[in-house]
Amino acid sequence: MGLILRSTAWALAFLAAAAVLALWLVPRHLDWTEYRAELQRIGAARLGREVRIDGAFALEMLPQPRLTARGVSIGDAGDGFRGAAQEIRLGLALWPLLGGRIVVTDLTLVAPRLSLAGLPAPLREMAGRPAPLLAGAEIRLVDGEITLGGVRLSGVRARLTAGAAHGPYMAEGRFDIAATPVDFSLALGQPGFDGAAALEATLATRGARLAASGVAWHGGFAFAGTVRAEGSDLSALLPGPALPFRAEARLSTEGGAATADQVQLEIGGSRLTGAASLRLGANPRADIALAAVRLDLDPWIVPARGLIASPPLPVGLDLSVEAASLFGGTLRALRVAAVVADGQVAVNEATALLPGGAELALAGSVSGDDRGARFDGLVELDAPDLRGLLAWLGGVPGWAGPEVLRALRVSGGLVAEPGQVRIEAAEGTALDGVAVTGTLGLSTAGARPALTAALKLDRLDPAPWLAGRLPAPESAALAAFDLALRLEIGVVPMAALTAREVTLEGSLEAGRATLRRLAIADIAGGRLGASAAGTLGPGARLTGLELSFAGTDVAGLVPIVPWRVVAAARPLWLGGYTLRASARAEGEGLAFTAVAEAMDARVEATGTADRGLDTVAGRIALRHPGAPRLLQALGLDDPTPWLGEGALTLVAETTTQRTERGRRITLRASELGLGRMRAQLSGEIALDAEARRAALTVEAERLPLPGLDLYSAALLPPAILPGWTAAVVLRAGEMPVGGTAVLSRVDAALDLADGALAVTRFAATLGGGRVQGTLRLDPVNRSLVVEAAVADAVLAGPLTGLAYDLGGGRVRAEARLRAAGTSPLTLLASLAGEVRLAVTEGVMVGFDLAQVAEVLQSPVPPEQALAALRAALTEGATGFDRLEARIAVNEGIATLGQSQLAAQAGTAQILGEVDLRGGTLDLGVTLAPLGAEPLPRIELRATGSWQAPLRVPETAGAARFLAERAAQPRR
């Protein structure tokens, strides 16, 4: 019995072991191929589409029965749903399996790849009536990928449990969307008789949480309820500012569509309302419409760059904001209508009212690449208060004057990308009312900001543009940016000139400035061309220059010449003109040459300059064959009577040096030949920002001066060289004045200050005597003061050429005169002062005292004697031993109070007035002739013009004397 039991036990043990071994080995070696077609048929019937199992089958019984199928794929039935899985694992309950029933305990999909354009009807049907064999089973997804329309979920790891065939269901897990990890959980209750079930769902990612609650149908594929989202950092959820947010909306979904209304959104301190919709399927799209009263846009500037590539499906945005703050200003009536899709943003409309009342409208597209976002589209800008707009954007440039940058209207293309903006200005663009076309670009991507401009303007007045604070060439600010400029301007007014067809091309790069071309087709009747190169900023330097200016009519240059009087001489400006100048770098310095030719005059200049143009040294030569003709062409009256004929030659060696305040010019070895003039000039001239000063010495062999027209009504300049201060030392061997009087050995000192000229020292030799004096002419205060003294000057001929004049003698005189006026004539009319005159061994022109004495003593008939007497009183000249006169001048009238002429033939007293203003006189002359016997006194009255006065002699006493003498018997 024991043996039987032991044998039976061994047999049972063997059978058990064999069964276990069979359960472990046999399923692995069974050929499941005959079941593949049946399983594919069942799957196709259930899903309504082709199901294929390309891989191997395997059934493991230990430690738990598990069926594994590899290479499973589900075909597309034309509704956009297809799928595949690397492996499907089914866990089966052992005892039901042994009894012939299949009870699934768990289902695992390894690397599933599902793509749904929409929600196919078979899936809806399955969701509404799940298979009984999955009741109570646990379903897992490992490393899955689900594409729903254009939405792609990657890295899907999920677990689904079902309490029964019809629920309730619980799902939880994680997936990645747009590189953002999302944790999710979902609870779907058991549906009631109407098929509706409660649904609770949450999504959480990076500090943000989305919760939905409501009622679902078809196993959760249709939903109606509310959705809430909140978080502490919006940037963790989507490209946006790092601000707390909260949102709430009413949500309804069915199939591949979702609609949210009553959207209440709060981001930071901004509140928005609106609606949203989502459509999945073959053409997925989300649309969002939001409106706000106020919105702060500054936090959105940087994160907005990531919006282009972020959305997993096309997103349409319609945003309206009554007031949006940006860069410290307020944008009003902001509206943006755009679509974000396929890596770009299509901006259908973007409008806003900018600070300063500017109206902006944009339309175009925003795309992205490795460098960032790029906008390419159209822009319309109307800024009636451009300065208000510029103040918001950073301020009005300091170099712009107050009359420019007032209004701007832009119509054209706009391209903007990180660090670069370019505007293509089309027709309709205008700046300050001037039409502008061309391209304007700004780049900040390089080491320095770079501005590029290629513009065409109808007209440009440079004066208002340059009326601001211009930087100096050595300013470091000029090396802080780059510039590429091309301007084509139709008309450029320049003071009294107008330039036409102006072309300017230049660049500034790393402080190096290049003027590639400056061309003016017409300026003052000539053509101008120039090019230059150099460096700006600290150590500014000119390295090259080419300049040409030529025309056929030199009269066109009249507006350029700084002297106003040349306009009257314009008919004398004949012929063409040329100007050529060039400069080139030479070592650390610069060498230059220049030649100008006009009206037979030729100017040549050569020299060198140091690196920064601080010191310039060179030689200037001016030559003209006819000096009087050139001076007439410059507006002067014919100078030949006092200057004489001859050529003009000026050769000067000069040096200019930069000082703390400006420049100093040093003249040395300067020779001037002008007609009969021969002079040398030396000294210094300082040109400062606030004042100009000169200290000069003039040494002349012969220095002719023009006479002064005392009766000229031409206005004196309101100031003599305003802004200048000068000290001039003058020495001349000869100084003819007006071609008559000749001063010699002249030594004078002249001072110029505050627009007034003062001759502080004047000494010269005149006819062997000395002339000394001072003078101050102040046009600003309209005053003239003269003090002069003449000692022992020999007068060799008539002084004035008038009816009564000094015809010779040794002269001593003192004069103190003053006047006020704005022209020589008004100065003469206001002349006042005193003159003392003493002449010895001289001649008085106007009467013949010796002839009067001789006639009175001649034994001729009275009638004949009276005729000869009248002739002697109205013509001739009187030699005298001494003449003394004291003349008082008041308001242009000279009064001879006491004057005495003593001669061998008698004496004469002269009393009366001379009107210097009108050139008239009223004189009374009393002659007392001397003879062997007492002779009668004779009165002479002269009135009228001082050139040809009416002379009325009183000869009654003389007639009586002659009659009495004729009545006496002869002895």
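Counting non-hydrogen atoms of neighbouring residues, nucleotides and ligands closer than 6.0 angstrom, the CG atom of D754 reaches no more than 12 such neighbours. Environment of CD in E701: sparse, with no more than 12 heavy atoms of neighbouring residues, nucleotides or ligands closer than 6.0 Å. For CZ of R917, the number of neighbouring non-hydrogen atoms (other residues, nucleotides, ligands) closer than 6.0 Å is greater than 12. Heavy-atom neighbours of R886 CZ from other residues, nucleotides or ligands within 6.0 Å: at or below the threshold of 12. For R761, the CZ atom is densely surrounded, since the number of other residues' heavy atoms within 6.0 Å is greater than 12.
Under a 4.0 Å N-O distance rule, the pair R836/E814 does not qualify as a salt bridge. Electrostatic pairing of R941 and E954 does not count as a salt bridge here, judged by no charged N lying under 4.0 Å from a carboxylate O. Using a 4.0 Å cut-off between charged side-chain N and carboxylate O, R731 and E699 make a salt bridge.
In terms of modelled atom types and a separation under 3.5 Å, the side chain of D638 and the main chain of T640 share a donor-acceptor contact. Within the 3.5 Å criterion, the main-chain N or O of R810 finds no donor-acceptor partner in the side chain of E841. Proximity of a side-chain donor or acceptor of T697 to a complementary backbone N or O of V729 within less than 3.5 Å is not detected.
Tested against F847, the residues V925, I938, V852, T874 include a single side-chain contact (heavy atoms from CB on, under 4.5 Å) partner, V925. For the pairing with D688, the side-chain hydrogen bond (donor to acceptor under 3.5 Å, both in side chains) check across R661, R664, R693 returns one residue only, R693.
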